[in-house]
2 protein chains.
Amino acid sequence: MSERSRSYHHGDLRAALVTEALEIARTEPAALSLREVTRRAGVSPAAAYRHFRDRSALMGALATEIQHRMVSRMRARTADLEPADPAREALLRLRGVGLGYIDFAIEEPGWFELAFFGSAEGAAVEEEAGSSPEQVPPFAELLAALDDCVAAGALPAERRAGAEFSCWSAVHGCAELMVHGPLRGAPPAVVREVAQRVVDDIITGIR
Amino acid sequence: MSERSRSYHHGDLRAALVTEALEIARTEPAALSLREVTRRAGVSPAAAYRHFRDRSALMGALATEIQHRMVSRMRARTADLEPADPAREALLRLRGVGLGYIDFAIEEPGWFELAFFGSAEGAAVEEEAGSSPEQVPPFAELLAALDDCVAAGALPAERRAGAEFSCWSAVHGCAELMVHGPLRGAPPAVVREVAQRVVDDIITGIR
DNA sequence: TGGTGCATGTGAACACCATCCACATTGGTG
DNA sequence: CACCAATGTGGATGGTGTTCACATGCACCA
């Protein structure tokens, strides 16, 4: 396993391709091509097709991996909440989910850009059935936080339905604003302030 | 001017290229390439470079055109407001701006996708100076609506600063949700309801 | 009127890309 | 040990953006 680089067979090319693609996406997104990925993995372009139906399948795997990393960071951020009364704590968690989402987009714009690619272009038709909201990990995180709010009495039950769309819209839109939009490259202080205002406004609005 | 199609010189190739690109973007976005655009304009690929520095410059011109059409539709939608007291009327206008934005995204997904491309990829560095928020027409529309709200007493002056980011985030994020995200292809009734909930929530939240 | 300069369009080339094919190599299984 | 299925290769095809030397013809000036 140690000296696998010289052997004709790679060992675990699929994982290696995803790893290389992640690296490229983070550092020089413009260079993210199937050929470049295989090049860095030390393998011929066609080899990728033994593991992915086509380019968009690779991007889908990439998106899934990124979504999981996103959730990890969101959780790491939310973990250190000092105890408070349940309602307040649930709201703080909801706030943390939103801010964590936005932070991830700012810290890893290359990854953020690809995080929802699977649901975007090529694979639109076939996956149809398998892409319910609950299966998009960051979205699932939001759903859980909202349910918590209801359980803790911080959100009236009759306001629960549809609240996830308001929250996701505001938070995702804010992230886009900062990665692609007018706030791209704004000073971190401004960015922080805007993010907090957006998250607080939408949490106020859904209640 | 009438029989210009046979002449070596085109007449107004720049406009023709934008027109063709708009058509392609609307009907078969996947086919939107510089070569396809020139092909439809009956001209060689290189001809485009007499009018646009590169592909991303074409996309930028396209984006600008789309943004203007977006504003036109948003205005057409907001135009028929029956008079009411100023505060209520200002809020309705704000609501109309948001819903109009979302409607445009749903009705013209191909265009919506490109509307902010100019601020997205290639041209990021050089335009830096020229892309202040006020110069993005749909965003300017929002700013105006918010100022109206303050003037009409529907929004406290101390809540005005930053409100545009909350609104744009929610509305743009909602549009993305419907074009690329989990709500893509959802029944129109659901889409309508979600859009209204999102817009109403954020308007509640900013006040 | 005739000539010329400059903007505009052409054709061919380059480098890159995704994708497919027949073929080579191999690790594991009978 | 032999063979098979899985995996990787090299090369070809047709697409892309971009550049270059060259062709064309409109507008203006002598």
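Chain letters run A, B, ... following the sequence lines, proteins first, then strands; residues in each count from 1.
In this structure, His51(B) reaches the dG9(C) phosphate: one of its side-chain N or O atoms is under 4.0 Å from OP1 or OP2.
Applying a 4.0 Å cut-off to non-hydrogen atoms, the residues of residues 23-35 of chain B that approach DNA chain D are Ser33(B), Leu34(B), Arg35(B), listed by residue number.
Between Phe165(B) and Phe139(B), the ring planes lie tilted relative to each other; the angle falls in the 30° to 60° range.
Contacts of Arg39(A) with the nucleic acid, taken as non-hydrogen atoms under 4.0 Å apart, involve only primed sugar atoms and P, OP1 or OP2.
Heavy atoms of other residues, nucleotides or ligands lying less than 6.0 angstrom from CZ of Arg75(B) number 12 at most.
The CG-C1' distance, from Leu17(B) to dG17(D), rounds to 15 Å in whole Å. Remark: P of dT19(C) and CZ of Arg55(A) are 8 Å apart, rounded to the nearest angstrom. Computed from coordinates, the Phe52(B) CZ to dT8(C) C1' distance equals 14 Å when rounded to whole Å. The distance from atom CG of Asp12(B) to atom P of dT8(C) is 10 Å, rounded to the nearest whole Å. As a whole-Å value, the separation of Tyr49(B) OH from dG9(C) P is 15 Å.
Arg184(B) places no side-chain N or O within 3.5 Å of a backbone atom of Met178(B) that could act as its donor or acceptor partner.
In this structure, CG on Leu146(B) lies 4.5 Å from CZ on Arg160(B), to the nearest 0.5 angstrom.
Remark: Arg93(B) does not engage Glu89(B) in a salt bridge, criterion side-chain N to carboxylate O under 4.0 Å. Between Arg73(A) and Asp103(A) there is no salt bridge, since no side-chain N of the basic residue sits under 4.0 Å from a carboxylate O of the acidic one.
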In 5'-to-3' order, the base (B), backbone-only (S) or no-contact (-) status of each nucleotide in nucleotides 20-26 of chain D, using a 4.0 angstrom heavy-atom cut-off, is BBBBBS-

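For residues 187-198 of chain A, the pairs satisfying side-chain hydrogen bond (donor to acceptor under 3.5 Å, both in side chains) are Arg197(A)-Asp201(A), with sequence neighbours left out.
Between His172(A) and Phe112(A), the distance separating the two ring centers is shorter than 6.0 angstrom.
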